[in-house]
Amino acid sequence: MAESEIHLYYKNVTAEVIGDEHGITKKQFADIAAQTQPAIAEVNRQREQGKTPFRDLPLTDEYRTNVERIAAEFQDDCETLVVLGIGGSALGNIAVQTALNPYMYNLDASQRKNSKCPRLFVFDNVDPSQFGSFLNSIEDRLDKTVFNVISKSGRTAETASQFLVIRQMLLDKLGDSALKDRMIATTDANEGTMRKIADASEIRTLVVPDGVGGRFSVLSPVGLLSAAMCGIDIEQLLKGAADMDRRVSQTEFGNNPAAINAGINWHYYNRGKPISVMMPYSYALKDFADWYRQLWAESLGKSNDLSGGKVYVGPTPVKALGTTDQHSQVQLYREGPNDKLFTFLHVDRFDRDVTIGQAPDCAPELEYLAGKSMTKLLNSEKLATEYALLHDKRPCLTVNFDRITPYTVGQFIYLFEVTTSIAGALFHINTYDQPAVELGKEATFALMGRPGFEELAKKIEPVARIDEKFQV
Ligand code: PA5
């Protein structure tokens, strides 16, 4: 069966639909195309120069083969897989799992692809209450648990601390061989703290490819191992991305969905709509809105442009979920400031459907629902919300999925990664760094007493001291 393609639908940002004040006119589209065309060329050039190695991940068999080999080795004796990581080392794992495995996957083994698929937990925080509860439940089952610690640097305080807790527990409960038997580290090929530890402790490793930043790494071993172990077809995931690669590399603006997406987002950012709301009408896709938030925020939120000038740019990504947030956010979205661009994620066919039951005689007002499918209701609500937003001249994009499969999810990931690259070129900023994340990381080192950060600790002290005058 031919695999379905995802599509970006953009009629509902046009002036034809929402008028000249908030919609994009034909002339403006021509301007967007003219300005985005060089940005497409620029990102294609960056790729040729080897500056964006994430672009080639779907075309590289080596990572997939390594992941499949390690997955096969560890799957036999693993009822629970635990990912330790944060940011780009966690969000892709979570999003792929939510999208491609059933909602009850962890609780109901019969909903897993096969008996070798483990439960999956991804810890991307250091909340003692959350992690402590998990430790209590796992401590007697360590011999059936595999830990995938993902950290390119190995110095990230959250991941390092989780790792140290688990390491101690494994050594205490299972002895010296436990690190080798129960851990997989996904880290830099040659350098860094985690590489050093893994080599010294004979922990099996997978590689975070050189030059691939965390938020662009889901199609590398960072995101592929948990997916493969949990029964997701990673070959199809990569194939979807590779096929999207052909579409988003097209130099002609009108044929390139990433260019159109980036151009429209950039246009609205510059015209009073700096907020970008991603609203999946699919629970399975909800964590992709989270993944997108990091991708968009860390890549595009920059103070300097490439010439060193101060620009302080960056659209604010917001996640919402249909229909849940209709009952939480839509009042604001319709009557609040017209400062947002909406991107819906729509699914034609879900992996199953549910038929709504009959209404009782005493509630004939519910009869209109009886016998209808939940797919029809969910998709009607998407359309209804879009209609209501358009009524108030709010621009709306939709990414249309025929079905949610590894192939279409791979396309989606790649579409938004390249959209981000093209948007970065339009904003004329460095899309691939995140210098502003550093100060908070260093302040944590200082507060936790890491040698070398004493001066910073002194500067933080006034912030840490509570001034009672201001506390009520
Ligand atoms: O996208 C990024 O680069 C970050 O979110 C990193 O993935 C995150 O800070 C974790 O870094 P590391 O993999 O070094 O632990």
Side-chain angles (χ1 to χ4, degrees), residues 51-55 57 63 67 82-96 122-127 131 147-167 183-199 203 205-227 287-302 314 317 319 413-414 416-421 423-424 429-445 448 450:
K51 291 181 179 164
T52 50
F54 81 88
R55 292 292 303 266
L57 292 173
Y63 300 126
V67 161
V82 183
V83 170
L84 309 175
I86 196 162
S89 297
L91 289 164
N93 290 271
I94 298 169
V96 168
V122 181
F123 285 100
D124 62 348
N125 208 330
V126 283
D127 184 306
F131 204 54
F147 297 90
N148 178 206
V149 54
I150 307 178
S151 181
K152 185 168 172 65
S153 63
R155 285 185 295 275
T156 305
E158 294 90 340
T159 311
S161 61
Q162 292 168 341
F163 167 75
L164 293 176
V165 171
I166 298 296
R167 174 182 176 275
M183 275 217 157
I184 305 159
T186 306
T187 191
D188 191 272
N190 307 302
E191 298 177 345
T193 303
M194 188 50 65
R195 168 55 58 191
K196 198 167 56 180
I197 297 171
D199 288 350
I203 296 173
T205 59
L206 286 164
V207 161
V208 182
D210 238 12
V212 174
R215 57 190 178 273
F216 291 91
S217 69
V218 55
L219 297 175
S220 81
V222 169
L224 294 181
L225 180 68
S226 65
D287 290 326
F288 267 110
D290 238 347
W291 170 83
Y292 157 78
R293 270 193 326 152
Q294 186 208 15
L295 183 67
W296 208 236
E298 273 193 0
S299 301
L300 303 180
K302 298 290 154 72
K319 66 167 178 170
I413 290 169
Y414 206 83
F416 274 84
E417 286 180 346
V418 179
T419 295
T420 306
S421 284
I429 45 106
N430 183 343
T431 312
Y432 308 105
D433 66 359
Q434 56 282 326
V437 179
E438 284 314 304
L439 186 58
K441 283 190 181 178
E442 288 171 11
T444 302
F445 296 154
M448 294 298 286
R450 182 169 166 181

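Here the structure is a predicted model, which is why all the values come from computation and not from measurement. Order of appearance sets the numbers: ligands from 1, and atoms from 1 within every ligand.
Taking atom 2 (C) of ligand 1 as the reference point, the nearest protein heavy-atom neighbour is E298 OE1, 3.6 Å. Residue, atom and distance of the protein heavy atom nearest to atom 7 (O) of ligand 1 are G88 N, 3.2 Å. Here the protein heavy atom with the shortest distance to atom 13 (O) of ligand 1 is K152 N, 2.8 Å. At the shortest separation from atom 12 (P) of ligand 1 among protein heavy atoms lies T156 OG1, 3.3 Å. Protein heavy atom nearest atom 10 (C) of ligand 1, with residue, atom name and distance: I86 O, 3.5 Å.
In this structure, K302 contributes its side chain and N430 its backbone to a donor-acceptor pair below 3.5 Å. The backbone N or O of V222 sits less than 3.5 Å from a side-chain atom of N93, completing a donor-acceptor pair. S161 places a side-chain N or O within 3.5 Å of a backbone atom of E158 that can act as its donor or acceptor partner. For E191 (side chain) and K152 (main-chain N/O), no donor-acceptor pair under 3.5 Å exists by modelled atom type. With Q162 contributing its side chain and F123 its backbone, the two residues share a donor-acceptor pair below 3.5 Å.
Shown in contact with S89 at under 4.0 Å from a heavy atom are these atoms of ligand 1, numbered in order with element: 7 (O), 13 (O). Atoms of ligand 1 found under 4.0 Å from any heavy atom of G87 (numbered from 1 in listed order, with element): 5 (O). Those atoms of ligand 1 that come under 4.0 Å of a heavy atom in K441, given as number and element, are 9 (O). Taking a cut-off of under 4.0 Å to the non-hydrogen atoms of S153, the atoms of ligand 1 that pass are 12 (P), 14 (O), 15 (O). Distances below 4.0 Å separate heavy atoms of G214 from the following atoms of ligand 1: 1 (O), 2 (C), 3 (O), 7 (O).
Listed by chain and residue number, R195 satisfy the side-chain hydrogen bond (donor to acceptor under 3.5 Å, both in side chains) test with T205 (two or more places apart in sequence, or in another chain).
Distances shorter than 4.0 angstrom occur between a heavy atom of Q294 and an atom of ligand 1.
Checking I197, V208, T159 one by one against S151, the side chain to side chain contact (heavy atoms under 4.5 Å, CB included) holds for a single residue, T159.
Below 3.5 Å of separation, one finds no N or O of T159 facing any N or O of ligand 1.
Using a 4.0 Å cut-off between heavy atoms, R155 makes no contact with ligand 1 at all.
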Intermediate values then yes/no, side-chain hydrogen bond (donor to acceptor under 3.5 Å, both in side chains), S421 and Y432 | CA-CA 8 Å; S421 284; Y432 308 105; 2.6 Å; yes
Intermediate values then yes/no, side chain to side chain contact (heavy atoms under 4.5 Å, CB included), I203 and M194 | CA-CA 10 Å; I203 296 173; M194 188 50 65; 5.7 Å; no
